[in-house]
Amino acid sequence: MFSVRLRRVGPGEQLLPRMRRSRRIRRPPTPLELPPFSGGFRMSWLRVVDALSPAKSPVGTRVTVKGWVRTRRDSKAEGGLSFVAVHDGTCFDAIQAVVKGDIPNYASDVTKLTTHCSVEVTGVIAQTPKGGNELQVEVATGGEVKVIGWVDDPDQYPIQPKQHTFEYLREQAHLRVRTNTFGAVARMRHCLSMAIHRFYHERGFYYVHTPIITGSDCEGAGNMFKVSTLDMMRPLPRVSPENESAESKKLREEFSKKPNMPAWTYGQVDHSTDFFGKESHLTVSGQLNVETHCCALSRVYTFGPTFRAENSNTSRHLAEFWMIEPEIAFADLQADSELAEDFIKFLINAALTERADDMKFFDERIEKGLLTRLDHVLKTPFRRLPYTEAIKILEQAIAKGEKFEYPVKWGTDLQSEHERYLTEKHFKQPVILMNYPKQIKAFYMRLNAPGTDGAPGDTVAAMDVLVPGVGEIIGGSQREERIDVLDARITEMGLPIKEYWWYRDLRRFGTVPHAGFGLGFERAMMFITGMQNVRDVIPFPRTPKNAEF
RNA sequence: UCCCUGUUAGCUCAAUGGUAGAGCGAUCGGCUGUUAACCGAUAGGUUGUAGGUUCGAGUCCUACACGGGGAGCCA
């Protein structure tokens, strides 16, 4: 564990390794294991996660940790001592600092510490008297507790050392990450994000950055947020040519020349004067764009924010959420569903192996039996089921006395209650529903051969992955690669075919069967952590009437 | 957007139309190698906002705002 520091070499300067400054009997462990090409960035103190690791910090090691106070308990024994739990977010646990009363600032500082004061603690790693391998840091003569930042008024600090409701903490979104639950959620978001990139990278997928601003209104998934630099707030003449006076025409033309002024034609904003020269929106999906790269790079994926302007108030919907959209060339729906299943299982495995501490907490405090449930999901193949079969199962359930609010009928979309019945009651495992009636699905989904699954009507190669507790977590399909069939679908659905010129080009020039899906990242978070509300698995949730923070 | 439901101390919740309370947290003190610590005391309130009914409204009525659950839409 010989540690050197490489510096940038100036003119005439020699590159020399510099010895660590500290030469104690027991050398402190390397604070961070740094990869090659590391430069000046180095931290001289230890992360709590390393201080708690017997391998990195054996008993007797002198360490410095920096973090925030979670709790403080005092004792009068041995002439006074305090137990200060210090956490720095690097792992679920805090390390307990046992501070003896003989350090100089004990009475003045240590006994006044309250929740979330920031501190720098230097002491010696020791075993706790009770817990088996549990480590703590003992601060006695020679050790130090330096207060970096006080909590001015502990009574005013919104995060008290007690249970808070998630609803309350949502209003304190800037502070809630300091709690056990939201710290764990934040680490899980990171863990799963990295796992997503690793999963695709290892399988030869290329990461594509699809645009966030889109000029096409043809992505076909819900209401969109408008992007504009025009100042819609100022009063403007709204006229149509028939009744426009010479005076108002002049006024309108003058207005149009001012910066950020919307011009109006026929009572509507003329977007040719807008920043992009046309009406533009925030993306609702990267799929159409990522298909272009799929049809050149074979295996691609996007992972980015997505925006839906639905007035949707449920525990599973956000106006701004993150979505992963892989797209594979030369693939059909079966391959697509296998990718989806592998992907979800990979994420579960990553969570269980990389964040065992946080997952243990979710299992104990958020959803009892979470680990058992996920283990079951890992070990069981997903149930694949044609839509037509699902309808039959639901009809049989009704015949047996199951009560649904909405009727079950081939050709209509399944309601939430139907999906929940299938995945939570009937199969009790993730279910992949495939081959939906074409009239309830998007134009780009591939038309199946007549009579597929014995369906009474036309179906498309679409799939939804349903999981217990969350519902639809993935929506995907094989894409229509036949230009004539695609054109017919676009026309049939009354969509503006001209707008799809570049999408259609993919079918005109060397078309290939291809398929893909979209996984809602926050829904995956809910599924894997057991958190009940999508607003609690994203740092700053954006929902109707709420864009605070 | 629709249906249901809620809004009282810093937080979580009580309070027949008749004097606004508890637990936790905070502060102070006591006890203790503590760890959801424990014991005692103290402070803390224009009952979401605006109207209305009533001798009297936290409580009943209306509107609005915001939160939660469900539905639709979807990931």
* Quantified in whole Å, what is the C1' atom distance between nucleotide U54(B) and nucleotide U62(B)? -> 16 Å

* Expressed in angstrom and rounded to an integer, what is the separation of Ile95(A) atom CD1 from U34(B) atom P? -> 19 Å

* Can you say whether the rings of Phe443(A) and Tyr503(A) are parallel (under 30°), tilted (30 to 60°) or perpendicular (over 60°)? -> perpendicular

* Checking all strands, does Pro161(A) fall into the base, sugar-phosphate, or nothing category for heavy-atom contacts under 4.0 angstrom? -> sugar-phosphate

* To do: Can you figure out which of G33(B), G72(B), G30(B) approaches the side chain of Lys76(A) most closely?
  => G30(B)

* To do: Scan Lys100(A) against the nucleic acid and name what it touches under 4.0 Å (heavy atoms): base, sugar-phosphate only, or nothing.
  => base

* Rounded distance in Å between the C1' positions of U59(B) and A14(B) -> 13 Å

* To do: Round to the nearest Å and state the distance from Arg420(A) atom CZ to C74(B) atom C1'.
  => 15 Å

* Nearest to the side chain of Met323(A) - A75(B), C11(B), G33(B)? -> A75(B)

* To do: Classify the nucleic acid contact of Val98(A) as base, sugar-phosphate or nothing, counting any heavy atom under 4.0 Å across all strands shown.
  => base

* **Distance-only side-chain donor-acceptor flag, Thr71(A) / Arg73(A), under 3.5 Å** => yes

* For A57(B), which nucleotide in any strand shown is its Watson-Crick or wobble partner with both distances under 3.5 Å? -> none

* Asked: Which of the following nucleotides, G67(B), C11(B), A75(B), is nearest to the side chain of Arg523(A)?
  -> A75(B)

* Asked: Just how far is it from atom CG of Asn448(A) to atom CZ of Arg446(A), taken to the nearest 0.5 Å?
  -> 7.5 Å

* Asked: If every non-hydrogen atom of Ser82(A) is compared with every non-hydrogen atom of Thr111(A), which pair is closest and at what distance?
  -> OG-CG2, 4.4 Å

* Ignoring backbone atoms, test whether Ser315(A) places a side-chain nitrogen or oxygen under 4.0 Å from the OP1 or OP2 oxygen of G70(B). => yes

* Asked: In Watson-Crick or G-U wobble terms, both distances under 3.5 Å, what is the partner of U8(B)?
  -> none

* A15(B) pairs with, by Watson-Crick or G-U criteria that keep both distances under 3.5 Å -> none

* Asked: Taking the six-membered ring where the residue is Trp, are the ring centres of Phe303(A) and His197(A) under 6.0 Å apart?
  -> yes

* **Of Gln163(A) and Ser312(A), the one whose closest RNA chain B nucleotide lies more 5'** => Gln163(A)

* Structure fact -> Atom CD of Gln156(A) and atom P of C11(B) are separated, to the nearest Å, by 10 Å

* **Distance, rounded to the nearest Å, where His164(A) contributes NE2 and G23(B) contributes P** => 18 Å

* Picking from G69(B), U1(B), G33(B), which would you name as closest to the side chain of Arg535(A)? -> G69(B)

* **Distance, rounded to the nearest Å, where Glu78(A) contributes CD and C31(B) contributes C1'** => 15 Å

* Compute the centroid of each ring, for Phe343(A) and then for Phe199(A), and state whether the two points are separated by less than 6.0 Å. => yes

* Describe, in one word, how the ring planes of Phe225(A) and Phe307(A) are oriented to each other, choosing from parallel (under 30°), tilted (30 to 60°) and perpendicular (over 60°). => perpendicular

* Closest listed nucleotide, where the reference is the side chain of Asn546(A) and the choices are A71(B), G10(B), G67(B) -> G67(B)

* To do: Report which part of the nucleic acid Ile474(A) touches: base, sugar-phosphate, or nothing (heavy-atom distance under 4.0 Å, all strands).
  => sugar-phosphate

* Over how many whole Å does the gap from Gln160(A) atom CD to G44(B) atom P extend? -> 17 Å

* Output yes if the stacking criterion (under 5.5 Å between centres, under 30° between planes) is met for Phe83(A) over the base of G33(B), else no. => no

* To do: Could you tell me whether Thr114(A) contacts a base, only the sugar-phosphate backbone, or nothing, with contacts defined as non-hydrogen atoms closer than 4.0 Å?
  => sugar-phosphate

* Asked: Looking at Arg170(A), does any N or O in its side chain come under 4.0 Å of the phosphate oxygens OP1/OP2 on C66(B)?
  -> no

* Asked: Rounded to whole angstrom units, what separation is found between the CG atom of Asp74(A) and the P atom of U32(B)?
  -> 13 Å

* Structure fact -> Picking from C74(B), G72(B), G25(B), the nucleotide nearest the side-chain atoms of Glu472(A) would be C74(B)

* To do: Tell me the partner of C64(B), counting only Watson-Crick (N1-N3 plus N6-O4 or O6-N4) or G-U wobble (N1-O2 and O6-N3) with both under 3.5 Å; none if nothing fits.
  => G48(B)

* **G58(B) and U49(B), which share atom name C1', separated by this distance in whole Å** => 15 Å

* To do: Using a strict 4.0 Å threshold on nitrogen-to-oxygen distance, state whether Lys76(A) and Asp74(A) make a salt bridge.
  => no

* On a whole-Å scale, what distance lies between the P atoms belonging to C28(B) and G67(B)? -> 37 Å

* Considering just the side-chain nitrogens and oxygens of Ser416(A), establish if one lies under 4.0 Å of OP1 or OP2 belonging to G72(B). => yes

* Asked: If we only count heavy atoms from C-beta on, is the Val65(A) to Asp88(A) side-chain gap below 4.5 Å?
  -> no

* Asked: Mapping Gln415(A) and Pro544(A) onto RNA chain B by nearest heavy atom, which one lands closer to the 5' end?
  -> Pro544(A)

* Does G25(B) have a Watson-Crick or wobble mate here (both distances under 3.5 Å), and if so which one? -> none

* Asked: Does Asn533(A) place a side-chain N or O at less than 4.0 Å from the phosphate oxygens OP1/OP2 of G69(B)?
  -> yes

* Where the side chain of Asp155(A) is concerned, which of U32(B), A75(B), A26(B) is the nearest nucleotide? -> A26(B)

* Asked: Using atom P of each nucleotide, how far apart are C60(B) and U47(B) to the nearest Å?
  -> 16 Å

* Base, sugar-phosphate, or nothing for Phe521(A), non-hydrogen atoms under 4.0 angstrom? -> nothing

* Using the P atom in both, what is the distance from G23(B) to G40(B), to the nearest Å? -> 9 Å

* To do: Would you mind classifying the nucleic acid contact of Glu325(A) as base, sugar-phosphate or nothing, using non-hydrogen atoms under 4.0 angstrom?
  => nothing

* Under 4.0 Å between any heavy atoms, over every strand shown, what does Thr165(A) touch: base, sugar-phosphate, or nothing? Just pick one. => sugar-phosphate

* A36(B) pairs with which nucleotide, Watson-Crick or G-U wobble, both distances below 3.5 Å? -> none

* Asked: Which value, in whole Å, describes the distance between the C1' atoms of nucleotides C66(B) and G30(B)?
  -> 44 Å

* Watson-Crick or G-U wobble mate for C2(B), both contacts under 3.5 Å -> G70(B)

* In whole Å, what is the span from the CE atom of Met224(A) to the P atom of C73(B)? -> 19 Å

* **U8(B) and A57(B), which share atom name C1', separated by this distance in whole Å** => 14 Å

* Among the nucleotides G72(B), G33(B), U35(B), which one has an atom lying closest to any side-chain atom of Arg73(A)? -> U35(B)

